[in-house]
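Quantities reported herein were computed from a predicted structural model and do not represent experimental measurements. Just so you know, ligand 1 is whichever comes first in the structure, and atom 1 is the first atom listed for that ligand.
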Amino acid sequence: MQSLRSVAWLLAIIPQALSHGGGMLYTIDGVEHTGTHASVLNKVTGSIQRVWTWDGINEVSNDHLACRHSGEPYDISYHAPTKAGSTINVNYTDPLRFNPPWSFGHGYGPMMAYMAACPDSGCETVNLTAPIWFKIWEAGLLSGTWTTGHWAMADVMNGATLNIPTPKNLKKGKYILRHEMISIETGQMQIFPNCIHLDVRGDGSSVPKKDELVSFPGTYDGYAGVSWEMEGQGSEWFWVVHQYDTFYTIPGPEVWKG
Ligand SMILES: *[C@@H]1O[C@H](CO)[C@@H](O)[C@H](O)[C@H]1NC(C)=O
Ligand SMILES: *[C@@H]1O[C@H](CO)[C@@H](O)[C@H](O)[C@H]1NC(C)=O
Ligand SMILES: [Cu+2]
């Protein structure tokens with residue numbers, strides 16, 4: 001019994017931040033681009049990623065919901081070239097925590113990806129809270145129940161890359177790609193978006209219509225199937241109330257068909 005108790009005690013003292021995670025390394029059309037981290041300012045080579053921290057991860061109405069605080073581009077920022085229709089690979093394994101390897105720390109909840117068009121001059125000055133975002137991909141509960149089933153997010157937690165297919169017919173241009181994990185097992189949601197800059201090439205001609213665009217914050221408020229008012233209720237909501245549920249409705253708009 002002693003060992004069981006030690007495990008429980010160890011789990012209890014793991015700092016919360018250690019169980020989070022973010023995009024560390026991107027492979028885009030065969031080229032690797034270093035992601036960044038709250039504590040790793042990639043000043044030398046710059047980054048396609050925007051600065052993110054874990055501030056306010058529980059707040060669905062936070063002004064930094066789009067790209068996470070601060071959401072600013074790095075001092076040296078660039079756009080990764082990619083063909084419309086390519087798959088963006090995101091590696092969540094933190095190169096600074098390799099023993100043991102540390103990837104995204106949560107395995108229950110939806111993963112989503114959104115894009116937003118930027119002016120030809122680049123994405124650095126885009127107003128992130130404006131209605132500019134369209135959903136391009138999502139993955140949630142693949143099989144089984146909420147508590148014992150297979151969530152796509154668990155694969156990333158266990159070391160797989162997150163693979164995001166971009167729309168085949170998307171018009172060329174500069175775009176922000178916002179990829180997001182939402183951890184739901186603690187009752188109070190934890191929202192982990194990261195944003196990167198892309199330069200999409202190709203002959204596509206599709207762009208979303210105005211009414212297919214959403215804003216952050218704004219998109220998840222009052223969403224049926226996911227109550228955002230979990231404060232104080234703890235993980236009972238997940239582990240007791242929903243334990244036998246076999247369907248999870250992913251929040252946000254429909255995936256844009258392109
Ligand atoms: C992710 O990156 C780490 C290095 O930081 C590497 O060890 C690991 O093999 C990569 N994972 C995948 C699935 O490519
Ligand atoms: C950004 O967009 C939001 C929402 O449309 C708007 O309220 C705000 O004024 C805009 N900010 C700037 C600096 O234009
Ligand atoms: Cu966490």
Side-chain angles (χ1 to χ4, degrees), residues 11-28 30-40 42 47 49 52-59 61-73 87-111 116-119 123-133 151-164 176 178-195 210-211 213-219 221 230 234-235 238:
L11 285 174
I13 61 161
I14 289 175
Q16 187 64 24
L18 271 184
S19 65
H20 299 339
M24 298 292 165
L25 181 70
Y26 295 83
T27 306
I28 301 173
V31 177
E32 287 190 347
H33 302 271
T34 314
T36 52
H37 182 271
S39 59
V40 185
N42 194 4
S47 185
Q49 206 177 48
W52 57 273
T53 70
W54 291 309
D55 289 357
I57 51 167
N58 298 120
E59 297 159 30
S61 56
N62 191 298
D63 259 357
H64 296 289
L65 187 61
C67 295
R68 205 67 275 161
H69 184 81
S70 70
E72 298 288 327
T87 294
I88 310 295
N89 301 124
V90 192
N91 184 333
Y92 275 74
T93 304
D94 188 338
L96 299 182
R97 295 201 193 106
F98 47 84
N99 190 22
W102 194 269
S103 191
F104 191 70
H106 302 280
Y108 303 92
M111 306 193 292
C118 305
C123 296
E124 286 83 359
T125 58
V126 164
N127 182 352
L128 301 175
T129 63
I132 54 174
W133 302 96
W151 292 84
M153 190 191 285
D155 296 343
V156 179
M157 183 176 74
N158 294 325
T161 55
L162 169 63
N163 305 319
I164 305 165
I176 302 177
R178 172 189 189 272
H179 59 91
E180 174 182 49
M181 320 278 242
I182 300 182
S183 169
I184 63 174
E185 96 258 36
T186 50
Q188 199 184 16
M189 315 292 157
Q190 299 187 334
I191 308 168
F192 299 96
N194 288 161
C195 291
K210 235 185 171 143
D211 64 3
L213 300 173
V214 298
S215 62
F216 294 105
T219 302
D221 292 357
M230 285 298 121
S235 56
F238 182 85

*asked:* Tell me whether Ser103 contacts the main-chain N or O of Val156 through its side chain, where contact means a donor paired with an acceptor under 3.5 Å.
replied: yes

*Would a 4.0 Å cut-off, counted as strictly less than, catch a protein heavy atom around atom 11 (N) of ligand 1?*
yes

*Arg178 side chain to Pro193 main-chain N or O, any donor-acceptor pair under 3.5 Å?*
no

*asked:* Using a 4.0 Å cut-off to any heavy atom of Asn91, which atoms of ligand 1 qualify?
replied: 1 (C), 2 (O), 3 (C), 8 (C), 10 (C), 11 (N), 12 (C), 14 (O)

_Heavy-atom protein contact below 4.0 Å for atom 7 (O) of ligand 2_ = no

*Distance below 4.0 Å between atom 2 (O) of ligand 2 and any protein heavy atom?*
yes

*Please work out whether the ring planes of Phe104 and Phe192 are parallel, tilted or perpendicular, with thresholds of 30° and 60°.*
perpendicular

*Are Asn127 and Thr129 linked by a side-chain donor-acceptor pair shorter than 3.5 Å?*
yes

*Starting from atom 13 (C) of ligand 2, locate the nearest protein heavy atom and write down its residue, its atom name and how far away it is, to 0.1 Å.*
Asn127 ND2, 4.4 Å

*At a 4.0 Å threshold, what atoms of ligand 2 neighbour a non-hydrogen atom of Thr129?*
1 (C), 2 (O), 3 (C), 4 (C)

*asked:* Working to the nearest 0.5 angstrom, can you tell me the gap between Ile191 CD1 and His64 NE2?
replied: 14.0 Å

*Specify which N/O/S atom of His20 comes nearest to the Cu ion (ligand 3), by atom name.*
ND1

_Using a 4.0 Å cutoff against the non-hydrogen atoms of Gly159, which atoms of ligand 1 qualify?_
13 (C)

_Determine whether a donor-acceptor pair (N or O, by modelled atom type, separation under 3.5 Å) exists between the side chain of Thr161 and the backbone of Asn163._
no

